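Shown next, in structure tokens, is the structure this report addresses.
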Amino acid sequence: MSALLQLTCFQMLIYAGMWIAGWVIVGEERRAVLHWLGFNLLLAVGLGLVSLRPAGDPWLTVVLANLVLAGAFLLLYRGGALFLRLPTRDVEATMLMLSCAAFAVWTGPVPTGPGWVHPGAATAALIGWVLLAASWRSRGALAEQFGPRTAWVALAPQVVYGIVQGIRAWQIFTLNASVVQLQTQSASNQALVYVSMLSAAVFNLVFMFLIVLRLMGRLTYMVEHDGLTGLLNRRAIETLLEREWVRWRRMGQPFTVMALDLDHFKQINDRWGHPAGDAVLRSTASLLRREVREVDSVGRVGGEEFLVLMPGCAPASAAYVAERLRGVLRARPVDVGAAEPVTVTGSIGVAAVESTDIDLEHLLRRADAALYLAKAQGRDRVVCAAAASGPVPATPVPAI
Ligand SMILES: Nc1nc2c(ncn2[C@@H]2O[C@H](COP(=O)(O)OP(=O)(O)OP(=O)(O)O)[C@@H](O)[C@H]2O)c(=O)[nH]1
């Protein structure tokens, strides 16, 4: 039994080593990773103390060991809550830990007569409660952040092990422990150690898997989004445009593109500095996001150039939306930290897909041409592109 426990303890140390490596690699999840590292270290210490029974001081091998094991699972819980951005419920955890400690001290490490209850009963009850409560409270966040299937995979082992610990708590409470010592090599004790080894392996693998999933999600986001505004970047919006183009060709589903360019943006940078220009870009981005429909997509395709893709939008409605956007942009001055908020205007070119469009690039050139016409006509206006019968030349930049 003690060799088996020492093996489990060694297993925990290996996981702890893996989390140390994880701590070096991951950035934002470091606090959660530290908690899981602590979980494995405390489990190793707790099981190490248990493995010294019956030779060691029973206050260490029974009372302290149980408290260390209880603390390990509270760390596991807190790490999970930090990782999923859920409340850590520290008051509840402190109360549980204090109750567990009070019970262990009150009951003592060795049988004192009939009715004596092994301190492990409270530890098992605490672990069972922590795992079941954690599973219940995190199910929504897990499903939302990683999908329902991943939530199932992550929670099933916690629930199973939580139930096992609940049963264990009940078994210890109802056991006449003055006769049967819990550290003996009984089949149920051995089974518990094997289940614990398996659960620890699954917990650690599941959390590592979740960390990798989150890192992958963040990476995908970075590849597709503009760092300053959070809008889609050129690559991502072009992918959506290509998809829409194929839909139009195959099913005749129309769409409209809107090219927006802020007016005299350089002057904002020159007068109030680059951070002020950045603030204007961010504010424009959130305005665009707010003002378009949820089926529309907004991308930042250049310094102060934006592109809006409006699927299923007729030219008349697109012109209306563009006019509204232009009006809202002008009506909402941006606070750039100067004495007065800065009024920002934009020029907009709108082009709805036509049967005369040879390819997607042709359509985009028409939108660009309309935009530059808006600039040439004095800026702060919307110009809708007429259907082109021939190729559209690359847009010349209008004189300021
Ligand atoms: N603050 C900030 N400025 C940027 C960014 N990207 C590009 N710019 C600046 O945007 C300015 C664009 O200037 P122009 O292309 O002359 O356009 P404009 O001043 O808006 O003039 P018109 O479009 O003709 O009205 C340049 O000064 C770029 O340095 C950015 O991410 N942040």
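Here the structure is a predicted model, which means the values were calculated and not measured. Every number for a ligand or one of its atoms is a count from 1 in the order of the listing.
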Under a 4.0 Å N-O cut-off, is there an ion pair linking Glu29 with Arg218? yes
Atoms of ligand 1 close to Asp278 [distance to a heavy atom under 4.0 angstrom, numbered from 1]: 1 (N), 2 (C), 30 (C), 31 (O), 32 (N)
Compute the shortest N/O to N/O distance between Phe265 and ligand 1 and return yes if it is under 3.5 Å, no if not. yes
Within the 4.0 Å heavy-atom shell around Leu262, which atoms of ligand 1 are there? 20 (O), 23 (O), 25 (O)
Taking only heavy atoms of Arg379 into account, list the atoms of ligand 1 that are under 4.0 Å away from them. 22 (P), 24 (O), 25 (O)
Whether over 12 other heavy atoms sit under 6.0 Å from Glu144 CD: no
Please lay out, stage by stage, how Asp278 and Arg282 fare under the test salt bridge (Lys or Arg N to Asp or Glu O under 4.0 Å). CA-CA 6 Å; Asp278 286 354; Arg282 274 195 297 265; 5.2 Å; no
Any idea which of Glu305, Lys266, Arg300, His264 brings a heavy atom closest to atom 5 (C) of ligand 1? Arg300
Paired with Asp261, the side-chain contact (heavy atoms from CB on, under 4.5 Å) test is passed by just one of Asp368, Leu371, Ile348, namely Leu371
Taking the six-membered ring for Trp, are Phe83 and Phe207 ring centroids under 6.0 Å apart? no
Counting from 1, what ligand 1 atoms have a heavy atom of Gly277 closer than 4.0 Å? 1 (N)
Out of Asn269, Ile268, Leu281, the nearest non-hydrogen contact to atom 29 (O) of ligand 1 is supplied by Asn269
In terms of side-chain geometry, is the basic nitrogen of Arg324 or Glu291 positioned less than 4.0 Å from the acidic oxygen of its partner? yes
Under 4.0 Å to a heavy atom of Asp261 - the qualifying atoms of ligand 1, by number: 23 (O)
Asp263 neighbourhood, listing ligand 1 atoms whose heavy-atom distance to it stays under 4.0 Å: 20 (O), 25 (O)
Taking the basic N atoms (NZ, or NE/NH1/NH2) and the acidic carboxylate oxygens, is any pair closer than 4.0 Å for Arg235 and Glu242? no
